[in-house]
Amino acid sequence: MNITKENVDALNAVVKVDITAADYQDKVTKVLQDYRKKANIPGFRPGQVPMGLVKKQYGKSVMIDEVNKLLQEALNKFITEEKLDILGNPLPKENENFSWDAEDFSFEFELGLSPEFDVNLDTEDKVTYYNISADEELINKEIENIRGRFAKMISQEEVVEGVTITGTFVSEDGEIENKATFVLEDIKGKMNNKKFMGKKVGAELKLKTKNLFLEDDKLAAAMGKDVEEAKALEANLTFTIEEINTKELAEVNQELFDKLFGEGNVTSEDELRAKIKEDAEKQFIGQADQTFLNKLTEYLIDTTSFELPAEFLKKWISVAGEKQLSTEEAEEEYSRSEKGLRYQLIEGKIMKDNNIQLSYEDLKEHTKGFIIQQLAQFGNTNPEDSEVDEIANRVLSNQEEAKRISEQLVAQKVLEFFKENAKYATKEVNFEEFIKEVYNK
C-alpha cells in the first residue's frame, strides 16, 4: 500500500491511496474460509463446500468489503500521523475508469484544510463587560412583588376599582366554558368596565370576546385557548361572577422573612434588601457573561481574517446529511453556517494555543452540578454521591445530551479565558440601563 498527498493550494489537498492484491488477499481468504465452514448450500454437507464455489459466490463482495475497510483505516491513520487539520470529511474523487474487476486499486480523496491565522484579543474599544447592580428601585419593586405573592385575599361584596374577579365564561355555542381569574384593569374599554362595576357574586354579564381584554394573552387565558385561537374568536359570552376579592399585601415582618428564607435566616428589612440585592446580582452575572460572550464572538468573527476552502465545504455539505442537497441548497446552507464555522475555528485555535482542555472528568463534574440543582428543586437537597454519579453516567451515555453539555462546558471555559485574558472595557450600570443599552428598550 502506498499513500501520497498533493497540495492543490493552502486550503485544498488530494490524498492518493494505492492498494495492491497483496494488501488485502490474506484477509479475503480468511473471511472466505470462515464462510466455507458456515455455508449452507444444497448438495453439500456443512464445512464441505468446495472453496471454488465459495469464491465464486462470495469472493467479489468480500474483496470489496475488505478493500473498503483497509482504505478507511489507512486514510484515517494517514491523517492522524501527518497531523492534518481538516474540515469536514475526505471526499472521494470520481474515477470513470475504476473497476472492481481489477486486482490493484487507486483511490483519490479531496481534503479541505484548516487555514492558518492568529487571534487578536485586544478588543478594549469594541467590547464591553457590564457590571450590573441592583439599585433601590429594583429592590423596592421586588419587595412589592414578594408582598403580592404572599398577600391575603379579602372577599368584597361588589366589583370596584382594583378588585380581582373570579368566574366562569360560557359561550352561546358551547365551545367555551372556562373558569378564570383576572383584575378589573385587564378589561378593555369603558363600556365593558361599566358592565362589571357594582356587580355582586352570582351576577351574570353578557359580553363579547372581541375587544374584551386589553392584551391577547389575557384573553387567551380567560377563554382557555392559545393566543392565536383567542385572537380569532368572535363569540357571545355569559360570565358568572363567583368571587370578588382584594389583595392585602403581606407585611414586611419576621413571618414573611421566614417564609422566604427559612426560620431565622433573615431578621430585618435591611437584611432582606441585602439578600434581594445579592440574589439579583448573581443572576445578572449570567446575563452580563452571555452578552459579553456574544459581542466578543461577533467581534472576533468580523476581525479575524482567513480564507476557507469554500468550494470543498459546499461539496461536502451537499453529501454530509441523510439527504443529498442540490448545488443551490448547499450554497444556502454554507451561507447560513459560515459564521458558525468561522467561530468554531477561532475557538479551537484559542483552546489549542492556550491548552484549554475538556476531560471526561470535567464533563462529569459539570453534569453532576446541574443534576444536584435539579434534585434540589424537587426537594432532594442532600442526595447521595452514588445517586448523582449514576444519573450523570446515564445522562452522558446519551450522545446528543453529552454533546450539548460538552458544548456548554467549552463555552464556559472559553468565557473564563476571555474574562481573564482579553482586553475589554467595563461599565457599571443598573439593570434598567443594561436593558436599554443592550436591547435598545
Side-chain angles (χ1 to χ4, degrees), residues 7 10-13 76-89 111-132 282 284-310 312-313 316 337-370 392 395-396 399-428 438:
N7 289 330
L11 298 173
N12 295 274
N76 292 336
K77 184 179 179 182
F78 180 79
I79 290 170
T80 301
E81 289 180 348
E82 294 295 313
K83 298 180 180 178
L84 299 180
D85 195 358
I86 67 172
L87 301 177
N89 292 316
L111 302 182
L113 305 178
S114 184
E116 294 289 333
F117 59 91
D118 293 315
V119 180
N120 181 9
L121 293 177
D122 186 359
T123 64
E124 190 166 357
D125 297 330
K126 303 296 182 182
V127 179
T128 300
Y129 187 90
Y130 293 95
N131 289 319
I132 309 169
K282 281 181 181 177
F284 295 159
I285 290 172
Q287 291 175 274
D289 281 352
Q290 192 60 55
T291 299
F292 172 71
L293 184 59
N294 291 345
K295 293 295 183 183
L296 187 54
T297 297
E298 290 173 13
Y299 176 80
L300 291 175
I301 291 171
D302 291 341
T303 59
T304 307
S305 179
F306 54 83
E307 295 296 320
L308 290 170
F312 169 84
L313 289 169
W316 173 69
S337 59
E338 183 183 358
K339 276 194 172 184
L341 175 57
R342 286 183 176 277
Y343 182 67
Q344 284 180 17
L345 290 172
I346 293 168
E347 185 181 71
K349 170 78 171 172
I350 290 169
M351 292 182 71
K352 182 180 178 182
D353 288 354
N354 297 281
N355 198 30
I356 302 172
Q357 298 180 352
L358 178 63
S359 69
Y360 181 77
E361 284 307 311
D362 290 336
L363 188 60
K364 189 169 181 180
E365 286 305 308
H366 182 72
T367 304
K368 287 165 71 173
F370 75 72
V395 169
L396 294 175
Q399 288 187 349
E400 287 297 317
E401 194 66 13
K403 180 183 177 184
R404 184 187 68 79
I405 297 170
S406 296
E407 291 171 351
Q408 186 183 83
L409 185 53
V410 165
Q412 182 178 308
K413 282 177 173 282
V414 171
L415 170 65
E416 290 167 0
F417 173 81
F418 284 154
K419 289 174 73 173
E420 291 175 6
N421 296 278
K423 294 181 181 178
Y424 52 89
T426 58
K427 188 171 183 178
E428 305 290 332
V438 174

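- Residue-environment remark: NZ (Lys364) exceeds the threshold of 12 foreign heavy atoms within 6.0 Å.
- Scanning both residues, Leu358 and Leu363, for their nearest heavy atoms gives CD1-N, 4.5 Å.
- No side-chain heavy atom of Ile356 sits less than 4.5 Å from a side-chain heavy atom of Val410.
- One N or O on the side chain of Asn120 and one on the backbone of Asp122 form a donor-acceptor pair closer than 3.5 Å.
- Under the 4.5 Å side-chain criterion, counting only non-hydrogen atoms from C-beta, Leu345 is in contact with Leu308.
- The main-chain N or O of Asp302 is never found under 3.5 Å from a side-chain atom of Arg342 such that the two would form a donor-acceptor pair.
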Between Lys368 and Glu365, is a salt bridge (Lys or Arg N to Asp or Glu O under 4.0 Å) present by the stated rule, with each step listed? CA-CA 5 Å; Lys368 287 165 71 173; Glu365 286 305 308; 3.5 Å; yes
Please report the C-alpha distance between Leu87 and Trp316 in whole Å, then the side-chain angles of each, then the deciding distance to 0.1 Å, and finally whether the side-chain contact (heavy atoms from CB on, under 4.5 Å) criterion is met. CA-CA 9 Å; Leu87 301 177; Trp316 173 69; over 6 Å; no
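- Within 6.0 Å of atom CD in Gln408, more than 12 heavy atoms from other residues, nucleotides or ligands are found, so the atom counts as buried in its surroundings.
- Between the side chains of Glu298 and Asn294, no donor-acceptor pair of N or O atoms lies under 3.5 Å.
- Within the 3.5 Å criterion, the main-chain N or O of Phe417 finds a donor-acceptor partner in the side chain of Asn421.
- Salt-bridge check for Glu401 with Arg404: passed, with a basic side-chain N closer than 4.0 Å to an acidic carboxylate O.
- Of the possible donor and acceptor atoms, none in the side chain of Lys427 sits under 3.5 Å from a partner among the backbone N and O of Thr128.
- Looking at heavy atoms from C-beta onward, Leu313 lies in side-chain contact with Leu341 at the 4.5 angstrom threshold.
- Here the CG-CZ distance, from Asp118 to Phe306, works out to 11.5 Å after rounding to the nearest 0.5 Å.
- Scanning both residues, Ala288 and Tyr130, for their nearest heavy atoms gives CB-O, 3.2 Å.
- Between Leu409 atom CG and Thr367 atom OG1 the span is 8.0 Å, to the nearest 0.5 Å.
- Rounded to the nearest 0.5 Å, atoms CG (Leu11) and CG (Leu111) are 12.0 Å apart.
- The two residues Asp289 and Lys419 come nearest to each other via the heavy atoms OD1-NZ, 2.9 Å.
- Atom OG1 of Thr304 is separated from atom CD1 of Ile346 by 4.0 Å, given to the nearest 0.5 angstrom.
- Taken to the nearest 0.5 Å, the OG1 atom of Thr80 stands 6.5 Å off from the CG atom of Asn76.
- Looking only at side-chain heavy atoms (C-beta outward), Phe312 and Leu113 stay at 4.5 Å or farther from each other.
- Across all their heavy atoms, Leu415 and Phe292 have their closest contact at CD1-CD2, 3.7 Å.
- Distance check, rounded to the nearest 0.5 Å: NZ of Lys349 to CG of Asn354 gives 9.5 Å.
- Annotation for Ile301 and Tyr343: closest pair CD1-CB, 3.8 Å, computed over non-hydrogen atoms.
- Shortest non-hydrogen contact noted between Gly112 and Pro309 is CA-CG, 4.1 Å.
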Does the side-chain contact (heavy atoms from CB on, under 4.5 Å) test come out yes or no for Asp362 and Lys413, once each step is laid out? CA-CA 10 Å; Asp362 290 336; Lys413 282 177 173 282; 3.6 Å; yes
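- Using bins of under 30°, 30° to 60° and over 60° for the plane-to-plane angle, the ring pair Tyr424/Tyr129 lands in the tilted bin.
- With a 4.5 Å cut-off on side-chain heavy atoms, Phe418 and Leu300 count as touching.
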